[in-house]
Structures are given as structure tokens and as C-alpha cells.
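Reviewing the structure listed below.
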Amino acid sequence: AHLYGDSFFETLRSFQKQIPLWPLHKLRITNTLHILQYPKEWLYQIEEEFEQILGSIEYEKTYKIRWHAYRVGIRDYASASAEPAMEWIVEERNDLDNVFIEKAVIYAKQYKAFGELSPIKSGSALLYIKAADYALQQHANEAVILSSEGYVSEMCRSNVWLYDGEYWSTPDLKSACVDGVFRKFILSTAHIFHQKVKEEKITIEALQQAKSVVLSNALRGVQVLKRLEDIEFETEPGLAFRQHFHAIWTDISRMKELF
């Protein structure tokens, strides 16, 4: 059944032999196990394997860790067993600190519906593949994915935030966005920097009229979007926003205090 999408994955960033956002990843994994009705005992195996991986990598290097989990066996669309299978890809990376996304486009050929599965990172990713292909065809780096109600949902690889001069807003979960780990990190720590953040329904017009726009994910943190199609955004507010959260994210001891 995993060939039809009965699976989920996490993409993590590790440095100094740590995964600073691990508590938030663990929370999302726990919720996903519940939603997909996978045995909760899987979490213990996942944690053991993560510890083995962290023990095998080098302290001074940065890594992308991609983890994919599914149930063993195929029986048409039904899962044949509850036995876990896990695949790991560990890559040394030195290209994860790109500050800017040059251009994004709006993908309006397919829409993402809100439901029990919409906030998780499932193995059913055809919508994201089509949106990324469309962005590539338009000579863009990212694509805006819309909810079935026509609101802004997310990007192909990231959550999205827009700045109106006072608040940084991100689509609420009912807009069908993934419950992003770095999104949750921003929402839970914004008060430290006196940043005004909120979740809400965001229209295409609101996105187009924003002063500044940033993207967030657990691999690259915050990136600043320069342009949405032919609309250019201010970059200074986004750079300041990025600086705040990267200051905590890269401070391992501070992260341990917070989470």
C-alpha cells in the first residue's frame, strides 16, 4: 500500500551532531502516527535509529537527513501488516544557507483540500511535484499552492509568511497547509523578539499586496522571497525576521532551554 501513498517522511537538518528542532519533529511524527493509525511504538524505533545516525556523523559538518516510513507489504490499497519499514538518506550539505528565493509563481491548476491528511508530510506528493514542475517551466524557484477554497495554502517546499507592515501572517491549518516544524518554531518563539505573528486565511490579493514575504522550512530556516511573478517585495523586513529566528535556531544550548 505504500506505493499508493501509505507512508510519511521527515526532512531534518543536523549540525553539531544535533537536530535542534527535534522536539517539534517528534511532535509531528507522533501526530502523524496517530492520523495514519500506525503503531505508536514505532516512535521508539525511530528515536533509536536517529541516535545511531547522529552518532555516526561529524560534529563540524551540516547534514540533510531524509527519513521515510511505511508499512511492509502490499495488498492493493489496504496495508498488509503493521511491520515498520524505514529508509534513511543522510547527505552532507553546505548549500543550505541561501538567504533569497528569487521568484515564485502561483500554481492554480490543482488545489489542496483541507482534511485529516492535509497537515502531515505524506508520501502522496503528486500535487507538489506538479507545482514544482510548473515553477520550473516558468523559470521560477517556487510555486504558491492554493487551497480548494482559493486561499493561499503553502509553497512546494515551505510554509509562507507575509508582512503587512505590522503583522507577519501565515495560512492557518484550515487552509490545508502542512503543519511545518519551522512554522511552529516561529509561532512559539516570536514573542521573544516582540514579533507580531498570526495564523489566518490569506487571499492571493493579500499576498500580492504584502510588503515582504518569507518562506520557512526545517531544512533552510527562513528564506526571503524577492518576487512573486512580476511583483517585487521589500527584502529588509524579511532579512530582519530571518535574523531573529536563526539566532536562536543555531544556538544549540538556547534551543535545549526552549524545547
Side-chain angles (χ1 to χ4, degrees), residues 98-115 118-119 121 125-190 193 195-246:
N98 296 331
V99 176
F100 295 106
I101 297 291
E102 294 294 328
K103 178 184 176 182
V105 292
I106 296 172
Y107 180 69
K109 294 185 178 182
Q110 299 290 333
Y111 302 92
K112 187 178 179 185
F114 167 70
S118 57
K121 295 178 75 70
L126 190 56
L127 172 60
Y128 299 95
I129 293 169
K130 296 297 291 182
D133 283 347
Y134 177 74
L136 188 62
Q137 293 164 10
Q138 301 300 312
H139 306 288
N141 312 97
E142 260 287 8
V144 180
I145 293 173
L146 305 176
S147 73
S148 55
E149 296 179 329
Y151 292 104
V152 174
S153 178
E154 58 194 348
M155 299 288 194
C156 298
R157 305 170 185 86
S158 308
N159 291 111
V160 59
W161 300 77
L162 63 86
Y163 183 59
D164 63 5
E166 183 178 7
Y167 281 91
W168 283 96
S169 302
T170 193
D172 60 19
L173 294 181
K174 289 186 177 180
S175 299
C177 66
V178 166
D179 188 9
V181 163
F182 212 94
R183 174 185 182 276
K184 192 179 293 292
F185 171 59
I186 290 173
L187 290 170
S188 61
T189 60
F193 305 108
Q195 294 288 306
K196 295 180 178 180
V197 298
K198 61 181 178 180
E199 303 169 85
E200 63 178 355
K201 291 281 193 299
I202 295 176
T203 63
I204 295 174
E205 291 74 22
L207 180 62
Q208 292 169 328
Q209 295 168 10
K211 291 183 179 294
S212 189
V213 175
V214 301
L215 314 184
S216 68
N217 67 45
L219 188 62
R220 299 180 183 274
V222 174
Q223 293 180 287
V224 182
L225 179 63
K226 288 187 176 181
R227 184 157 59 99
L228 175 64
E229 297 179 342
D230 295 327
I231 300 171
E232 294 188 2
F233 299 117
E234 298 177 18
T235 58
E236 289 80 4
L239 289 171
F241 192 72
R242 170 188 165 91
Q243 183 178 7
H244 290 318
F245 295 100
H246 279 236

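The residues of the chain are indexed from 1 along the displayed sequence.
Here the straight-line distance linking atom OG of Ser158 with atom CD of Gln223 works out to 6.0 Å at 0.5 Å rounding. Note that the CZ atom of Arg157 and the CG atom of Leu219 stand 11.0 Å from one another [nearest 0.5 Å]. Rounded to the nearest 0.5 angstrom, Ile106 CD1 and Tyr134 OH are separated by 9.0 Å. In this structure, Ser153 OG and Ile202 CD1 are separated by 10.0 Å, a value rounded to the nearest 0.5 Å. Ile186 contributes atom CD1, which lies 4.5 Å from atom OG of Ser216 (distance to the nearest 0.5 angstrom). Atom CD in Glu200 sits 10.5 Å away from atom OH in Tyr151 (nearest 0.5 Å).
Remark: the Trp161 side chain and the Ser169 side chain contain no N/O donor-acceptor pair separated by less than 3.5 Å. Between the side chains of Glu199 and Thr170, no donor N or O sits under 3.5 Å from an acceptor N or O. Between the side chains of Glu142 and Tyr107, not a single donor N or O lies within less than 3.5 Å of an accepting N or O.
Using a 4.5 Å heavy-atom cutoff, the side chains of Phe100 and Thr235 are in contact. Put simply, the side chain of Val181 does not reach to within 4.5 Å of the side chain of Phe185, judged on heavy atoms. Using a 4.5 Å heavy-atom cutoff, the side chains of Asn217 and Leu215 are not in contact. Put simply, the side chain of Lys201 reaches to within 4.5 Å of the side chain of Glu149, judged on heavy atoms. Using a 4.5 Å heavy-atom cutoff, the side chains of Val144 and Val105 are not in contact. You'll find the side chain of Val160 reaches within 4.5 Å of the side chain of Val152, heavy atoms only. Taking the side chain as every heavy atom from C-beta outward, Val224 and Ile101 never approach each other to under 4.5 Å.
Across Tyr111 and Ala108, no two heavy atoms sit closer than the pair OH-O, 3.2 Å. Heavy atoms only, all atoms of each residue included: Ser147 and Ser175 are closest at CB-O, 3.3 Å. In this structure, Ala113 and Ser148 approach most closely via the heavy-atom pair CA-OG, 3.7 Å. Between Arg220 and Arg242, the closest heavy-atom pair is O-NH1, 4.2 Å. The shortest non-hydrogen separation linking Tyr128 to Cys156 is CD2-O, 3.4 Å. Residues Gln208 and Phe233 share a closest heavy-atom pair of O-CE2, 4.1 Å.
Panel note: side chain His246, backbone Val222; a donor-acceptor pair is recorded below 3.5 Å. Side-chain N or O atoms of Arg183 include one that pairs as donor or acceptor with a backbone N or O of Pro171 at under 3.5 Å. In this structure, the side chain of Asp179 does not engage the main chain of Pro119 through any donor-acceptor pair within 3.5 Å. Remark: the backbone N or O of Gln138 is paired with a side-chain donor or acceptor of Lys103 at under 3.5 angstrom. Proximity of a side-chain donor or acceptor of Asn159 to a complementary backbone N or O of Val178 within less than 3.5 Å is detected.
A salt bridge links Lys196 to Glu166: at least one charged side-chain nitrogen sits closer than 4.0 Å to a carboxylate oxygen. A salt bridge links Glu102 to Lys226: one of the charged nitrogens lies within less than 4.0 Å of a carboxylate oxygen.
More than 12 heavy-atom neighbours from other residues, nucleotides or ligands sit within 6.0 angstrom of CD on Glu229.
In this structure, the ring of Phe182 has its center no less than 6.0 angstrom from the ring center of Phe245.
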Start with the C-alpha gap between Leu225 and Met155, add the side-chain angles, then the distance that decides, and say whether side-chain contact (heavy atoms from CB on, under 4.5 Å) holds. CA-CA 11 Å; Leu225 179 63; Met155 299 288 194; 4.3 Å; yes
Applying salt bridge (charged side-chain N to carboxylate O under 4.0 Å, His left out), run through Glu154 and Lys112 and close with a yes or a no. CA-CA 10 Å; Glu154 58 194 348; Lys112 187 178 179 185; 2.9 Å; yes
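Judged by the 6.0 Å and 45° rule, Lys211 forms no cation-pi pair with Tyr163.
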